[in-house]
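What follows is a short report on a single structure.
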Protein chains: 2
Amino acid sequence: MSARKKTRTSRPTATRPDGRRRKRASERRGVTIRDVALRAGVSIATVSRVLNRTAPVDERKRVLVETAAADLGYIPNPAAQSLLGRRTGGIGVLLPYVSGEFYSELLNGLDSTAKELGYFLLISTSHDRLEEWQAGARAMFGRVDGLVVMSPILTPDRLEIRSDEPTVYVNTPGAPDGANGFFSIGFSNLEGTFEATRYLLEAGHRTIAHVRGPVAHADADLREEGFRRAMAGHPAEECPVVEGGYHQEEGFAAARVIAAMQPRPTAVVAANDYCAMGVISGLLDAGLDVPGDVSVIGFDGVPSGRYSHPTLSTVEVPVRRLGERAVRTLVDVIQGHRAPPTGVEMIPVSLVLRASSRSLVEP
Amino acid sequence: MSARKKTRTSRPTATRPDGRRRKRASERRGVTIRDVALRAGVSIATVSRVLNRTAPVDERKRVLVETAAADLGYIPNPAAQSLLGRRTGGIGVLLPYVSGEFYSELLNGLDSTAKELGYFLLISTSHDRLEEWQAGARAMFGRVDGLVVMSPILTPDRLEIRSDEPTVYVNTPGAPDGANGFFSIGFSNLEGTFEATRYLLEAGHRTIAHVRGPVAHADADLREEGFRRAMAGHPAEECPVVEGGYHQEEGFAAARVIAAMQPRPTAVVAANDYCAMGVISGLLDAGLDVPGDVSVIGFDGVPSGRYSHPTLSTVEVPVRRLGERAVRTLVDVIQGHRAPPTGVEMIPVSLVLRASSRSLVEP
DNA sequence: ACGGGGCGTGAAAACCTTTTCAAGAAGATC
DNA sequence: GATCTTCTTGAAAAGGTTTTCACGCCCCGT
């Protein structure tokens with residue numbers, strides 16, 4: 001019994017004298033570095049060195065190890081690797097939702113870039129609820145090398161993600177001046193609706209309605225503010241703001257309100273594209289023509305807008321690029337290529353005119 | 001030096017005599033179970049027992065440990081946990097793409113169910129390329145407790161995912177009879193278009209076109225087959241099949257072909273909803289009315305279809321439920337509640353008639 | 001009063017990899 | 001030929017957790 005103690009040295013798994021080990025290695029998960037070492041006739045240290053190219057190894061042994069690893073189909077156990085404090089190869093993505101084309105495009109950008117750079121994605125949604133945020137962040141803890149966070153409602157300091165991992169915020173308020181050391185990537189919410197509204201004014205529209213996005217969403221507030229600024233100086237009845245949301249139903253409901261207004265607006269700036277589609281649907285339903293009676297402009301530039309009927313004028317956000325920039329920046333920080341940035345990087349948006357809006361001045 | 005050997009016992013981190021450890025624990029990542037044990041004045045084994053409720057512990061110590069853990073904000077290191085071969089808490093999701101409403105709804109179902117059951121998602125896309133499949137599967141290895149795989153092109157045996165982890169296939173061909181021990185969840189591709197086509201026939205349409213999905217996609221093949229079976233016995237010119245795809249552009253292009261046909265079809269069964277929207281867009285563009293001149297029916301039941309114009313008739317697939325069933329089944333297997341099932345579970349689809357199709361017999 | 005049976009608890013092994021340290025071999029220089 | 005240097009290699013520690021094993025204690029029964 002006391003003699004056992006000193007035998008704590010490496011011995012081949014097969015020839016171990018005492019049988020009361022929990023499970024034979026082969027019964028457990030796949031092949032380990034031991035199996036490779038055994039087969040190649042070298043130590044596990046050498047195997048590690050070969051596989052990670054971390055030190056020069058004799059050519060013959062190198063080949064031996066490589067073929068042994070290939071034969072056995074050896075894949076290093078990621079848990080053991082990250083236990084050493086090395087990279088996990090994961091990027092955590094915290095989003096409010098995943099449904100809808102905006103998020104699917106965002107995910108697309110995040111995913112392709114992550115794949116290109118050799119990372120994979122861990123995803124968790126919060127539904128804008130603080131406890132789900134924190135549960136998600138806790139689940140990510142120690143499993144990822146960095147975090148991409150999009151939270152249109154809760155500001156970073158309220159989220160209290162006290163992660164040691166580098167974090168990039170996307171379209172998240174509360175770090176407007178790069179204060180608090182946060183870094184975020186945003187797009188021009190305010191300027192987007194401002195430009196869209198100004199275009200409508202220049203196109204001869206007088207009474208323009210805005211269907212705003214969900215309450216307390218910072219980006220919805222900014223879009224409303226852009227609309228208000230463009231309409232500054234116009235009488236209140238010429239720039240009504242209607243409660244809405246980011247989904248078609250809400251746009252549909254808002255359209256009923258707008259169709260009944262006196263004077264009736266000849267144009268609508270909607271919170272986003274889905275909302276705009278709902279608005280169009282509701283206006284048609286109320287017997288109005290789009291863009292004959294009412295012009296409608298959306299926001300986001302979702303792919304469907306190109307094929308909806310009428311095709312949708314919109315403020316186009318390069319969503320995929322947004323995701324790509326987020327991941328690239330994050331990976332740069334993770335790999336130490338650059339110091340953690342602070343501040344806000346703004347991605348410009350552009351007004352895309354299609355068939356759902358028309359000019360009244362040059363018919 | 002030789003005296004050191006026998007001191008391999010637990011000692012408080014702070015009082016270790018030799019200073020040549022790589023890093024002090026406190027400098028590394030957050031707090032460990034040792035810190036909690038130290039603060040609570042118990043052994044690490046007891047801390048583990050309290051936190052996992054794995055064995056009865058004296059009430060007073062339990063409280064002590066719990067407050068200590070809470071005070072320090074202790075989060076167990078997941079790498080160390082999964083190193084023991086325990087659960088990782090992750091579910092791997094391998095998809096061909098993530099863009100489009102079908103996938104975003106699927107993700108939604110997967111994500112909410114996973115969250116409900118205490119799992120998080122690892123996501124990787126393959127773009128239908130074998131090497132990306134295998135890279136994704138390798139990246140998942142050892143990081144997840146199970147896999148959800150959707151591969152409309154490559155069959156499970158061709159994918160060669162030799163994962164020890166339980167796997168649920170979604171809408172994946174090649175395990176039609178539950179052969180090879182695969183388990184998959186599918187929906188009625190063939191029956192869906194069959195029913196849609198039969199409806200159109202009963203509604204008085206004679207010449208009906210099918211715009212098919214991408215080549216080599218098993219589900220596209222099945223949908224075409226459903227169309228063909230419903231049209232069995234009709235002369236070939238009354239049931240043309242046009243090359244298409246799953247995106248709007250392809251539907252748009254197919255519409256040009258259909259608009260020029262002689263005799264011109266009065267109805268179109270499209271590969272999916274996006275395709276149908278493209279078809280509608282293309283038909284309108286060609287000066288035809290939908291559903292006045294041509295009826296169009298899609299497939300999938302994406303949310304946008306309710307608000308497109310005209311609103312879209314479709315074969316509705318309960319996509320969220322699909323995701324939910326996949327995760328629930330998988331977690332049941334992971335947790336040992338049931339043996340790994342084999343075979344196919346079919347989720348029924350339903351024909352939803354909206355404004356893009358009309359009956360010719362009862363006007 | 002003494003022996004046996006639970007029950008609670010701590011020590012230490014096990015999980016798998018990377019990395020450091022030391023040692024051995026080979027080569028080079030005087 | 002001997003010593004020193006360089007290069008390659010293996011042994012072992014470290015990383016944080018769970019789990020097993022064994023020990024000591026208390027309580028109960030005879």
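Please read all numbers here as calculations on a predicted model, not as lab measurements. In what follows, every heavy atom counts, from backbone to side chain, and hydrogens, waters and symmetry copies are set aside. Each chain gets a letter, A, B and so on, in the order the sequences are listed, and its residues count up from 1.
Looking at which nucleotide of DNA chain D each of A79(B) and T54(B) is closest to, the 5′-most match is held by A79(B).
Protein atom CZ of R53(B) is 17 Å distant from nucleotide atom P of dT17(D), rounded to whole Å. Atoms CG (N77(A)) and C1' (dC16(C)) sit 6 Å apart, rounded to a whole Å. Rounded to whole Å, atom P of dG15(D) lies 12 Å from atom CG of D35(B). Distance R87(A) CZ to dT17(C) C1': 15 Å, rounded to the nearest Å. Between the C1' atom of dT17(C) and the CD1 atom of I75(A) lies a distance of 15 Å, rounded to the nearest Å. Rounded to an integer number of Å, the gap from L51(A) CG to dC16(C) C1' is 14 Å. With rounding to whole Å, L38(B) atom CG is found 13 Å from dG10(C) atom P.
Within residues 57-66 of chain B, the residues that place at least one heavy atom under 4.0 Å from DNA chain C are, in residue-number order, V57(B), D58(B), K61(B).
Once rounded to the nearest 0.5 Å, the distance linking CG of L330(A) with CD1 of I185(A) reads 9.0 Å. Here the CG atom belonging to D111(B) is positioned 6.5 Å from the OG atom belonging to S124(A), to the nearest 0.5 angstrom. Taking OG1 of T125(A) as the start and CG of L94(A) as the end, the distance is 9.5 Å to the nearest 0.5 Å.
Checking N52(B) against S48(B) by side-chain atom types alone, a donor-acceptor pair falls below 3.5 Å.
Using a cutoff of 4.0 Å between basic side-chain nitrogens and carboxylate oxygens, E165(B) and R143(B) are not scored as salt-bridged. A salt bridge is absent between R320(A) and E324(A): the closest approach of a Lys/Arg side-chain nitrogen to an acidic carboxylate oxygen does not fall below 4.0 angstrom. R138(A) and E131(A) are not joined by a salt bridge, as no carboxylate oxygen comes within less than 4.0 angstrom of a charged side-chain nitrogen.
Candidate nucleotides dG16(D), dC16(C), dT19(C) were compared by shortest atom distance to the side chain of A80(A), and dC16(C) ranks first. Relative to the side chain of Q81(B), the nucleotides dT18(D), dT17(C), dT19(C) differ in distance, and dT18(D) lies closest. In this structure, of dT17(C), dT17(D), dG10(C), it is dT17(D) that holds the atom nearest to the side chain of I44(B). The side chain of I33(A) has dT18(C) as its nearest neighbour among dT18(C), dA11(D), dT8(D). Comparing dG15(D), dT17(C), dG10(C) by their nearest atom to the side chain of L83(A) picks out dG15(D). The side chain of Y74(B) sits closest to dT17(D) out of dT17(D), dA12(C), dT19(C).
Nucleic acid contact class of T46(A) (heavy atoms, under 4.0 Å, all strands): sugar-phosphate only.
The phosphate of dT18(D) has OP1 or OP2 within less than 4.0 Å of a side-chain N or O from N52(B). For dC16(C), the OP1/OP2 oxygens have no side-chain nitrogen or oxygen of T32(A) closer than 4.0 Å. At the phosphate of dT18(C), OP1 or OP2 sits under 4.0 Å from a side-chain N or O atom of S48(A).
A cation-pi arrangement is present between R87(B) and Y119(B), with the terminal nitrogen or guanidinium carbon under 6.0 Å from the aromatic centre and inside a 45° cone about the axis.
Contact of R49(A) with dG10(D) (side chain to base): a donor-acceptor pair of N or O atoms is detected under 3.5 Å.
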